[in-house]
Amino acid sequence: MGLSEHDLMAIFLTLKLALLVTLILLLIGTPIAWWLSKTRSFLKGPVSALIAMPLVLPPTVLGFYLLLAMGPEGPIGQLTTFLGLGTLPFTFTGIVIASVIYSMPFVVQPLQNGFEAIGERPLEVAATLRCNAWQQFFYVALPMAKPSFLTASILAFAHTLGEFGVILMIGGSIPGVTRVMSVQIYDHVEALQYTQAHWLSAGMLILSFIILLLLYSRNALVPRIFGVKN
Amino acid sequence: MKQSEFNNNNYQIQGDIRVKKNNFMLDVSINFPLNGVTGIFGHSGAGKTTLLRSIAGLEAFKGQLFFGESCWQQKGYGKSLPAHQRSIGYVFQDAGLFLHLTAEGNLRFAEKRATEKSIISFDQVVELLSLNKLLNNKPEQLSGGEKQRVAIARALLIAPKILLLDEPLASLGRTHKEDILPYLERLKGELNIPMLYVSHNMDEIARLSDHILLLENGNKLAEGPIHQVTSQLAVSEQLMSDAGVVMEGKVTAVHDDWHLVEAAIVSSTETPTVTNESASSGIVLNKSITKKPELNNSLWLKNNNFTVDKTVRIRILAKDVSISKDKPKLSSILNQLPGSIVEILNDKHDQAIMHVKVCCNESPDQFVIASITKKSLEELALSVGSSVWLQIKSVAVIA
């Protein structure tokens with residue numbers, strides 16, 4: 001086995017980051033997607049555009065501004081310092097926040113599509129069956145949007161695995177804290193350790209393929225694995 | 001209507017409802033009895049569904065709404081009770097079953113969420129609507145009629161005080177309508193639950209309703225007991241080929257050899273419970289029932305296993321009634337009644353077909369509507385007061 005202790009640490013850190021980010025995104029992204037699917041507010045356009053920004057921006061641009069905002073002079077940095085948390089760049093929390101913003105569109109958009117596809121009728125039916133707005137959401141919209149939640153989770157997880165630029169900008173390369181797999185590979189290549197780079201790269205290649213295979217053959221595979229009917 | 005006029009009857013659903021949408025304006029006052037079936041009839045775009053949705057709380061409207069003693073909406077855009085707090089059951093035109101649940105899942109959803117004691121148990125409702133074999137099916141495996149039966153069952157299991165049905169048969173073919181209508185009739189007969197039934201099909205309305213509201217372009221054309229409304233000429237003009245009086249008859253004799261029964265006309269479709277002393281209109285009503293009817297007072301009907309004293313609902317379409325000056329002598333038409341013309345709608349000179357209201361048997365509240373050509377009207381020199389003979393080509397027994 002060609003994996004060093006640092007390599008294993010990077011793998012573990014990456015999985016931890018991806019899981020945590022996926023969970024946080026589901027919690028934050030669901031209400032945003034629900035609001036976007038229901039609202040007729042003029043804010044719908046601007047909010048949608050803002051959330052979609054990471055799709056088009058170079059990760060370095062996003063990373064640069066996040067670095068400034070989280071730094072001692074930035075608004076987030078001043079807030080965290082005031083709360084006694086110190087500043088966030090070069091911490092695990094820092095890269096979690098950056099990743100959440102970076103992967104937001106991959107959760108919000110499938111969920112929003114899923115909620116919009118349900119339409120008004122099932123919610124009206126629920127209303128005539130004594131469900132208030134919360135119950136309409138939890139008892140009807142949520143179960144009906146199950147396939148969209150699966151898509152959103154897979155995309156968020158996979159996208160976080162593949163992050164590089166934002167993490168390098170915000171987190172640098174601190175072993176066990178911010179040095180994720182992609183950064184570890186970069187370091188190996190910089191040090192001309194091609195064998196080690198191969199091990200990690202091939203691992204990521206296979207993992208990403210499996211995850212995407214799961215996503216795109218959902219209709220055939222996922223119901224058997226997770227018991228979810230699309 | 002003033003506020004004071006509301007709330008004086010616990011057994012009514014009353015309100016003023018105004019909805020403005022693009023080029024459409026619904027503006028009606030309603031006053032429905034909270035018993036039996038109230039049919040809401042109108043052509044498409046008349047505002048029937050909007051009215052029903054407003055009552056259910058699914059559509060914002062201006063005005064007020066009272067359900068018995070409880071206020072569902074105060075005047076203006078005032079406080080409105082949210083849909084989930086109104087004790088209604090609602091059957092949508094497209095059934096609206098939850099696609100992620102089985103038929104049973106849909107029913108259990110309602111059963112669990114019922115806030116009041118149910119009028120009917122799960123097993124009873126499954127039995128009533130013959131759902132036994134469908135319970136494990138997903139909605140996509142059900143036919144249109146089966147979906148509607150599940151939707152009706154679901155609406156009943158929420159323990160509603162009133163059942164609102166929005167064209168439950170509209171999406172079904174003709175033969176499948178016949179699969180559902182008997183269930184609705186059973187519902188009406190076996191459960192003591194008021195229903196509001198929206199339809200653009202007068203046959204369905206005539207079969208089920210005791211009270212009807214006619215809508216036309218968002219306005220109320222007529223409202224009242226079905227016999228009263230269907231015997232209005234203005235209504236007949238509007239219904240055109242659907243025009244026809246709905247009334248009740250009571251079987252007085254059964255003729256097995258001819259497969260026919262004789263039935264006396266009961267003046268109103270309202271249940272004749274009026275006693276002599278309670279209402280002046282009831283006196284006539286009562287006499288017409290208790291008095292042994294003479295032969296020319298009764299109608300011949302096809303015998304559908306009827307027994308004497310059975311009350312049947314009949315509908316006489318205006319186009320099936322013809323008028324002659326003298327008593328026709330030899331005719332294959334069984335039902336011939338003497339009558340006199342009480343009303344001719346005179347402002348419809350541009351039409352070939354005229355509707356004429358005739359009272360039969362000289363009885364002041366037994367009416368039949370006849371549609372005849374303008375040519376016949378002039379050639380027979382018919383006018384209000386003319387004595388005529390009615391020949392009724394067919395009498396539909398609708399319930």
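Atoms considered below: every heavy atom in the structure, side chains included; atoms not considered: hydrogens, waters and symmetry mates. Lettering of chains follows the sequences in order, A, B, ..., and the numbering in each one begins at 1. Every value quoted in this text rests on a predicted model; they were computed, and no experiment measured them.
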Flag yes if more than 12 heavy atoms outside A:Tyr65 fall under 6.0 Å of its OH atom; otherwise flag no. no
Taking only heavy atoms into account, what residues of residues 31-52 of chain A are found under 4.5 Å from chain B? none
Which residues satisfy the salt bridge (charged side-chain N to carboxylate O under 4.0 Å, His left out) test with B:Arg86, sequence neighbours excluded? none
Counting only heavy atoms not in B:Met25 (residues, nucleotides, ligands), do more than 12 fall under 6.0 Å from its CE? yes
First locate atom CZ of A:Arg121, then atom CG of B:Leu99, and finally report the distance between them rounded to the nearest 0.5 Å. 12.0 Å
So which bits of residues 124-142 of chain A come within less than 4.5 Å of chain B, counting non-hydrogen atoms only? A:Glu124, A:Val125, A:Ala126, A:Ala127, A:Thr128, A:Leu129, A:Arg130, A:Cys131, A:Asn132, A:Gln135, A:Tyr139, A:Val140
Heavy-atom neighbours of B:Glu127 CD exceed 12 at 6.0 Å: no
What pairs of residues pass the side-chain hydrogen bond (donor to acceptor under 3.5 Å, both in side chains) test when at least one of them lies in residues 149-169 of chain B, not counting sequence neighbours? B:Thr49-B:Asp166, B:Asn106-B:Arg154, B:Glu116-B:Lys161, B:Glu167-B:His200
